[in-house]
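Report on the structure given below.
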Amino acid sequence: MSVVVTLDDGRRQEFASGVTLLGVLEVIDPAAKKETIGATVNGYPVDLRSRLDQDAHVGFISVSSEEGLSMLRHSAAHLMAAAVEALFPGSRFAIGPAIADGFYYDIEPPRALTPEDLQAVEAKMRELTEQKLPFVRFELPLEEAIAKMNALGQPYKVEILETIRDRAAAGAGGAELEELETEVNRGADLVSFYSTGRFVDLCRGPHVLDSSVIRAFKLTHLAGAYWRGDERRPMLTRIYGTAFQTQEALEQHLFRLEEAKRRDHRRLGRDLDLFSMDDEVGGGLILWHPKGALVRTLIEDLWREEHLKNGYDLIYTPHVGRAKLWETSGHLDFYGEYMYAKMEMEGNDYYVKPMNCPFHIKVFQSKVRSYRDLPLRFAELGTVYRFERVGVLHGLLRVRGFTQDDAHIFCTPEQMVEEVTRAIDFSLFFLRAFGFDEYDACIATRPEKAIGDPALWDEATVALRRAADRAGLQYKIEERGGAFYGPKIDLKVKDALGRPWQCTTVQFDFNLPERFDITYVGDDNRPHRPFMVHRALLGSLERFFGVLIEHYAGAFPMWLAPVQARVIPVADRFQPYARQVSDRLRAAKARAEVDVRNEKVGFKIRDAEMQKIPYILVVGDKEATTGTVSVRRRGGQDLGVMPIDELVAVIQRELRPALQPAGLPQSEGGSIHQ
RNA sequence: GCCGGCGUAGCUCAGUUGGCAGAGCAGCUGAUUCGUAAUCAGCAGGUCGAGGGUUCAAGUCCCCCCGCCGGCUCCA
């Protein structure tokens, strides 16, 4: 008997039936053997060890491909589990998938693990790689598999298998099973296992040939993780690690992680004297120092200017409001756990605001609104307080008191798509202005627990999609990810460690117009319910500032740099001239200062570089007598000696941000072109 | 909130089997007047996160709080 193999490039070749994919590879491309980690048969990934017993379309997976790398990491996760099992007998295993930068395995060990244990596990893994343990696949009927896992004392595996059984019985689709991560053998009565030495694991596969393939790896950290992500279920120990095709690639990755730490906004915030926090003030509450506050002011100035140009009305609203307001809005019911406790004064209860919306509604309600007034766009840099659980706080990126660049747009149903499109476009304008060209976008749809007619939800979701398409946005759909009151479009930017943070959110709100019963008078002289869009573009100034610090690694572009130029006299006697230079720059609206400290030039240069000041101006005898400055750009670039006038001209060109116009024609409110 | 780790000078960190709290940087004072990433010397700086316990003796061992870090859950 023989089988015919068809390759990706169309080549066909005959093999004896039962040939392994490794055997096929050895014939058709022996040189690629070293690089090849797995194969595909008719599009399904399989082990190189698996056998062909019928004609098939065959492909090979390179260890350097995304798919190959994640296969390697998945196998590394197994190897790690094998090592843990060897060192800590009685460990119970949950799931161990490959993830973006590596892999993890969730384990319930017999005792708490320490970072030192990680080193022991890693050493054990190295031992196992040297033993060249094969990853051997075998299959069992579901009920036998359950019995086997029970016998092995693996309750989490049993639960996974039982879920597979129950969902199969209920006729649930593949997507449901997919949620169970990597451990499932899709769609059959049989489930697959892999053994690695003495360690046996329920697993869909595929895996590398043997443990010696996993050479470049490292265990990185330990963390807790709830079983199935449910905080009511047991807390497991998650061990994170990473693996690469080569040692060099691994080291490069670890180096990138170190680099990322160097641009951590919490470190830079202190080093550059931008902001701080204090136990005595409270967690998640930010003290903006002069330099940070200056950057914030510049951001806010641009924001206000552009909002006015784009047809927004700026408003201010209070920080506290009476309980009735929050009852009407539904916040006390739906959001109460995040609100600071009530304050009782003269028999009235007040709450600090966690959102600005109810106040904006009240501004809308302050008089009768006509259809001719719409769309109305109320914008506010509104400071809100939310009592976030202590464990989620994170520098500037997750705080308890923050200022949203908030706005609420009240419009007719017909205006909705246009308004959302404009909001997205406006957001992209700001992101570009701050140097962000990359972000993830997603549209979140109706969650389980939601208010409002599902038909309306569909309609609104379609409107969001149309708007996103019109704005030219690439986006993913996040099913059931919307807020309880409406669907939304989110834009996320990434921090230094690659963690995504939501900045822009454009949310449709069914809830508040109903609850506050707001209306406008239509051309039929009857009341109508306006549509309401809630949007924040930068998100919160705190978070945006944090992401911005990391994005620029603290080296702000000229227009945002707290100090734009520092003049360094080479000796004390040149201080008067240094002050002249500084005064000239300040007269030209540049933020300049003189370093009068009694230090050598090298010291002052180093300090200015570390403070990431864009222009470093050295003046001594030569410059003082000729009316020039020696100009050094941040980073060590020498621009040579130039007359003060020329320097002023050079610097003035950089004082304003380089703004690109938004991509859509503007209606009322003027153009956003500079 | 949960799991794990860590809290020593403003910052980064040493501190042996329990035995007189240290260094570098930053700060202050003085000397030096210097040409593109750290001049030298001196001084000052601490309830070792808080509280309780064991001990002749606790930064060190135990208990319990608080805070921070990495994740999980949750979110701008």
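A note on names: the letters A, B, ... follow the listed sequences, proteins ahead of strands, and every chain is numbered from 1. Note that the structure is a prediction, hence the values are computed from the model and not measured.
- Considering only the side chain of A/Val392, B/G1 comes nearest among B/G1, B/A76, B/U33.
- The cationic atom of A/Arg238 (NZ for Lys, CZ for Arg) lies less than 6.0 Å from the six-membered ring centre of A/Tyr104 and within 45° of the ring axis.
- Each of A/Val619 and A/Met277 was matched to the nucleotide of RNA chain B holding its nearest heavy atom; the match closer to the 5' end belongs to A/Val619.
- Nucleic acid contact class of A/Gly391 (heavy atoms, under 4.0 Å, all strands): base.
- Side chain of A/Arg238, nearest nucleotide from B/C72, B/C68, B/C2: B/C72.
- Heavy atoms of A/Arg573 sit under 4.0 angstrom from primed sugar atoms or phosphate atoms, though from no base atom.
- Counting any heavy atom pair closer than 4.0 Å across all strands shown, A/Phe544 reaches no nucleic acid atom.
- For the P atoms, the distance linking B/G49 with B/G15 amounts to 15 Å, nearest Å.
- Using a 4.0 Å heavy-atom cutoff across all strands shown, A/Glu388 reaches at least one base atom of the nucleic acid.
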A/Leu647 vs A/Leu639, side-chain contact (heavy atoms from CB on, under 4.5 Å): CA-CA, chis, key distance, verdict: CA-CA 10 Å; A/Leu647 172 68; A/Leu639 299 188; over 6 Å; no
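- Listed candidates were B/C72, B/C68, B/C75. Nearest to the side chain of A/Tyr226 is B/C72.
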Could you go through A/Arg400 and A/Tyr340, starting from their C-alpha distance and side-chain angles, then the distance that decides it, and tell me whether this counts as side chain to side chain donor-acceptor pair (under 3.5 Å)? CA-CA 10 Å; A/Arg400 284 179 173 163; A/Tyr340 275 81; 4.6 Å; no
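- Aromatic ring centres of A/Phe387 and A/Tyr385: separated by at least 6.0 Å.
- Between the P atom of B/G71 and the OH atom of A/Tyr105 lies a distance of 22 Å, rounded to the nearest Å.
- Of the C1' atoms belonging to B/G5 and B/G51, the separation is 22 Å, rounded to the nearest Å.
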Counting only pairs under 3.5 Å, give me each side-chain donor-acceptor contact of residues 275-287 of chain A, with atom names and distances, residues two or more places apart or in other chains.
unit_1, atom_1, unit_2, atom_2, d
A/Ser276, OG, A/His289, NE2, 2.7
A/Asp278, OD1, A/Glu280, N, 2.7

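- Taking atom CG of A/Leu397 as the reference point, atom P of B/G70 lies 10 Å away to the nearest angstrom.
- Taking atom CZ of residue A/Arg400 and atom P of nucleotide B/G67, one finds them 8 Å apart after rounding to whole Å.
- A ring-centre distance under 6.0 Å is not found for A/Trp326 and A/Tyr335.
- The phosphate of B/G70 has OP1 or OP2 within less than 4.0 Å of a side-chain N or O from A/His394.
- At whole-Å resolution of the value, NE2 in A/His265 and P in B/C68 are 13 Å apart.
- Looking at the side chain of A/Arg389, the nearest of the listed nucleotides B/C74, B/C75, B/G71 is B/C74.
- As judged by a 4.0 angstrom heavy-atom cut-off over every strand, A/Asp230 is placed among residues making no nucleic acid contact.
- For the pair A/Asp279 and A/Met235, nearest-nucleotide mapping onto RNA chain B gives the more 5' position to A/Met235.
- When the P atom is used for both B/G18 and B/G1, the distance is 34 Å, rounded to whole Å.
- If you take atom C1' in B/U73 and the same atom in B/C2, they sit 8 Å apart, rounded to whole Å.
- Atom name C1', nucleotides B/U36 and B/C20: the rounded distance is 48 Å, in whole Å.
- With hydrogens and angles ignored, the 3.5 Å screen pairs no side-chain donor or acceptor of A/Asp595 with any backbone N or O of A/Lys604.
- Nucleotides B/C40 and B/C62 are separated by 43 Å at their P atoms, to the nearest Å.
- Taking the six-membered ring for Trp, A/His221 and A/Tyr240 have ring centres closer than 6.0 Å.
- For RNA chain B, the stems formed by at least three consecutive Watson-Crick or G-U pairs, with both atom-pair distances below 3.5 Å, span B:1-7 with B:66-72, B:10-13 with B:22-25, B:27-31 with B:39-43, B:51-53 with B:61-63.
- One finds a side-chain N or O of A/Arg266 lying less than 4.0 angstrom from the OP1 or OP2 phosphate oxygen of B/G70.
- Ring centroids of A/Tyr485 and A/Phe334 are separated by 6.0 Å or more, keeping the two rings apart.
- Side chain of A/Ser427 to main chain of A/Ala423: no donor-acceptor pair is present (N/O by atom type, distance under 3.5 Å, no hydrogens or angles).
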Per-nt protein contacts along nucleotides 36-43 of chain B (heavy atom under 4.0 Å; B base, S backbone sugar-phosphate only, - none) come out as BBBB----
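- Atom CD of A/Glu231 is separated from atom P of B/C75 by 11 Å (rounded to the nearest Å).
- For A/Arg270, the listed nucleotide lying nearest its side chain is B/C11; candidates were B/A76, B/C11, B/G35.
- One finds no side-chain N or O of A/Arg535 lying less than 4.0 angstrom from the OP1 or OP2 phosphate oxygen of B/A76.
- When the P atom of B/C34 is taken as reference, atom CD of A/Gln575 falls 14 Å away, rounded to whole Å.
- In this structure, A/Val399 reaches the bases: a heavy-atom distance under 4.0 Å links it to at least one base atom across the strands shown.
- In this entry the distance linking CG of A/Leu113 with P of B/G4 reads 10 Å, nearest Å.
- Spacing between atom CD of A/Gln502 and atom C1' of B/C74 amounts to 13 Å, rounded to whole angstrom units.
- For the 3.5 Å distance criterion, the side chains of A/Glu623 and A/Thr628 fail to qualify, holding no donor opposite an acceptor.
- Rounded to whole Å, the separation between the C1' atoms of B/U8 and B/U47 comes to 12 Å.
- Here, B/U29 and B/C34 have their P atoms 23 Å apart, quoted to the whole Å.
- Nucleic acid contact class of A/Lys492 (heavy atoms, under 4.0 Å, all strands): none.
- In this structure, A/Phe402 packs face-to-face on the six-membered ring of B/A76, meeting both the 5.5 Å centre cutoff and the 30° plane limit.
- Taking a 6.0 Å sphere around CZ of A/Arg111, one finds it holds more than 12 heavy atoms contributed by other residues, nucleotides or ligands.
- Contact annotation: A/Arg233 does not reach the phosphate of B/C72 (side-chain N/O to OP1 or OP2, under 4.0 Å).
- Centroid-to-centroid, the aromatic rings of A/His307 and A/Phe426 come within less than 6.0 Å.
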